[in-house]
Structure formats: C-alpha cells, structure tokens
There are 2 protein chains.
Amino acid sequence: MTPPRADASANRDRILAAARAEIAINAEAKLNAIAQRAGVGQGTLYRHFPTRAHLLAEVYRTDVDELVEAATTLLATHEPVTALARWFDRVADYAQVKRDVMAAVESATWADLSAHSHGPIGDAVTRLLQAGQFAGTIRPDADARDVIILITYLSRLDAEEFADRARHLLAIVLDGLRTPHR
Amino acid sequence: MTPPRADASANRDRILAAARAEIAINAEAKLNAIAQRAGVGQGTLYRHFPTRAHLLAEVYRTDVDELVEAATTLLATHEPVTALARWFDRVADYAQVKRDVMAAVESATWADLSAHSHGPIGDAVTRLLQAGQFAGTIRPDADARDVIILITYLSRLDAEEFADRARHLLAIVLDGLRTPHR
DNA sequence: CGGGTAAGCGGACACCTGTCCGCAAAGACG
DNA sequence: CGTCTTTGCGGACAGGTGTCCGCTTACCCG
C-alpha cells in the first residue's frame, strides 16, 4: 500500500475527466476514444480501470453516493416498506436518465462483493431491508444481493420498454419482498 | 416469402448440427469454429443467425418446446399459482444444467416480440398467468413479458451463486406476482 | 438444355475489448 | 545531484463479434 506516484494519479484524474466529457456526448463511448482524449495509452486506461464497468462506477460515483444517501433519508421519514418503495422510485429515476448508472451500480456492488463487502449501495439496501425485517414487513430471508440482482434488469430495458414497465416491475419485486402473509 | 434455396436450407441444417456438436464440447464455442466445422463462411452463419442468441435459440429449441409443454401439463394438474411455482422450478433446472437455455429463451421471446407475438414461451407464461388471474390468485396487471424480464437474471448468475440463490429469487418473484392481499 | 437473374456464399475487414511487455521516468537515498 | 529500484506508461497485439461486397450457383423460363 505505497502511496501512488504523482503522474499516476494525475493520469487517473485526466482519464475520469475525459470519460465524463466523452460520455456526455455519447453514452457508449469507446474506451479508445476516452484514452486518446485523456492523452494516455490504452494500457494506462485499463490499468486504472480494469473494465468498462469499473470506469463507469467511478464516473457516476456522485450519483451512486446520492442513492446511498437517499436510503438513509427515506428511512428516517417513512415506514420501511414505503422507504424501500420510494428508494426504488429513485433508482428508476436515475436509471431512466442515465442507463449507465445502473451498470455502474451493478459493477460497484460486484467489485465489492469479491472483497467480501457489499459496498455502499449494498449497505444502503441492507439498511432498508433490515428496517423492514425488524418491523416484520419485509421477508426475513431477503438480502441486499437479492435486490441488486432483481433490479439490474432495469439497465437492459430499452427506453420505450423502460417507460412502459420499469415502475410496474419494481412494484412486483417490492411485493415479492414483503413478508408473505399467507 | 419465396421458398428458400436448396443449398441455403442445407447450410442452415449443417450449421445447426455443427453448433450442437461444438457446444456439446464447449458451451461457449466461438462462432468462427462453428462456421468452420459446418464448412461454411462466417457470413453464411451470420446471415442465417444474426446473433449468437438466435443460434442458441434454435439449438435449444427442443428444450424450449419442452418448457412450453410443461406449462400445459402443470396447469392441468395443479392450482395456477402452484403450477407457476413448479414451472419456475423447471426453468431453474434447465438454467442450471445449460445456462445457455436461458439466453435462448430470452432471445426467442425477444425475436418474437418484435413480430408482435409473444412466441411459444411467452404464450406458455401467458396461459399460466391467466389461469391464476382468472382464479384471482395472480395479480391482474402482470403479463408474460414481466415474467420473462424478471427471470432472465438467471442466465447471468455464475454457478455458485446460482446454487445459492436461484430458487430463492424465483420465490420472491412468485410472491410478487401473487395478488396483493392488502 | 442454355441463359438470365437474384438469392446465397464466404472470407476479408472493420471495430472493440482487454492483455502484455520493453522502456521511461519518478522518487528514495546517500 | 547522481544512481538505483520499481512504478507506471503506451502502443502493439491477440482474440472475438458482426458487416460488407464481389463472385458463384441454384432455379426459373423459354
């Protein structure tokens, strides 16, 4: 864990800036183009962000943080299940505007998973679920990973289908997460 | 809609045979290798099956048909919700053994969707849902496409996670599809 | 059976993602 | 300030998917 070299972190920043700029123009920018714009080689880009998703995760980090924070706020002001429902709405909002946020979320949690942690998003979801489980309104056997898996379909819907179905699907998932009453 | 040329359909068959053979050895065979084994060019393969998924859909057609048939059988012998639950089990079985069956299912329904039909799988799911909706046990606003979307995550779980979570996730989805009781 | 035409062939090619490795230069240390 | 180590650079390359287009050949028709 030695501190990073000066040029390395400078490059990292330049890559992120270039990625943000490039993605603003075209959501599915080629990694080549980003590297070129940042004035670094391909290898450099890939060393800093081993996969496209890692890069996205960092680019959208602010948005991801906002989602995490929203979970806390919602929990403070609503019943757990309602908080979860609202949080889903929030997720849908993000996913609609920038489809890639979902990919970022997914990749963020994935990356963290192998490190035996859930990562910030996972923790947020865990808090939401546990509150509901404590109140008895969320099924006890559901965990954050379940939720992440079930909502990542959002990133694969095209714009039209998203508009038609996203919230509806989230409602189904939400009902599935409630405590079975029968 | 002119009938296909003789060599064309012969090639189609050869490609399918080659694909089956190649996939039996290695589930993620390169399309190149399949084309080569079939003795046709890349272009030919891609013309017949524009994408990997289309090819898989055809390769696993028998399995897909079996799933479709299972829906009918289950409906005849069980309550609708139970039938759906059992059918989910069946899907999980297939998905576990051959991960690609799910991709095939997905692509099959996708391809059919653009043709404004649901395709065989979609129809099977529709029958299951409608029976439950008629009985009042499945939420009236759920349709086949919802189910397809929600269960295609199965194809993206790795073997370990599949074993841990697949059925559990299907149970959550199933509960979400029940009529909300509150 | 011979000629015309369009369907179909097949492989070269474009394009992306991700890897590898020889080289440069950053920073520690005397 | 010089030298050594070691981090980091960058671009060539491998490997894969899907496209394109000039040539072939099956099939219709006279």
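Residue numbers begin at 1 in each chain, while the letters A, B, ... track the order of the sequences. In this text the structure is predicted, and so the values were computed from the model without any measurement.
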Nucleotide N/O of nucleotides 17-24 of chain D paired with protein N/O under 3.5 Å:
{"residue": "dT17(D)", "atom": "OP1", "partner": "R52(B)", "partner atom": "NH1", "Å": "3.0"}

**Item:** Distance in angstrom units between R12(B) CZ and dG10(C) P, rounded
**Value:** 16 Å
**Asked** How long is the line joining NE2 of H54(A) and C1' of dT17(C), in whole Å?
**Response** 15 Å
**Asked** Over how many whole Å does the gap from D7(B) atom CG to dG10(C) atom C1' extend?
**Response** 12 Å
**Prompt:** Got R167(A) and D93(A) here, is their nearest side-chain heavy-atom distance under 4.5 Å?
**Reply:** yes
**Request:** Could you pull out all residues at least two apart from R12(A) that satisfy salt bridge (Lys or Arg N to Asp or Glu O under 4.0 Å)?
**Result:** none
**Message:** For a quick test of reading the model: is some side-chain N or O of H48(A) closer than 4.0 Å to OP1 or OP2 of dG8(D)?
**Reply:** no
**Prompt:** Heavy-atom distance under 4.5 Å between the side chains of V68(A) and R127(A), does that happen here?
**Reply:** yes
**Asked** What residues form a side chain to side chain donor-acceptor pair (under 3.5 Å) with R47(B), not counting sequence neighbours?
**Response** none
**Message:** Expressed as a whole number of angstroms, how long is the span from F49(A):CZ to dG8(D):P?
**Reply:** 13 Å
**Request:** Applying salt bridge (Lys or Arg N to Asp or Glu O under 4.0 Å), name anything that partners D7(A), two or more places apart in sequence or on another chain.
**Result:** R5(A)
**Selection: residues 33-40 of chain B, any non-hydrogen atom under 4.0 Å of DNA chain C** = V40(B)
**Message:** Can you confirm whether R61(A) is buried at CZ, in the sense that more than 12 heavy atoms of other residues, nucleotides or ligands lie under 6.0 Å from that atom?
**Reply:** no
**Message:** List the residues meeting salt bridge (Lys or Arg N to Asp or Glu O under 4.0 Å) with R139(A), not counting sequence neighbours, and say none if there are none.
**Reply:** D141(A), D175(B)
**Asked** Has Q42(B) got more than 12 heavy atoms of other residues, nucleotides or ligands less than 6.0 Å from its CD?
**Response** yes
**Fill in**
To the nearest angstrom, the CG-P distance between L45(A) and dT19(C) comes to 12 Å
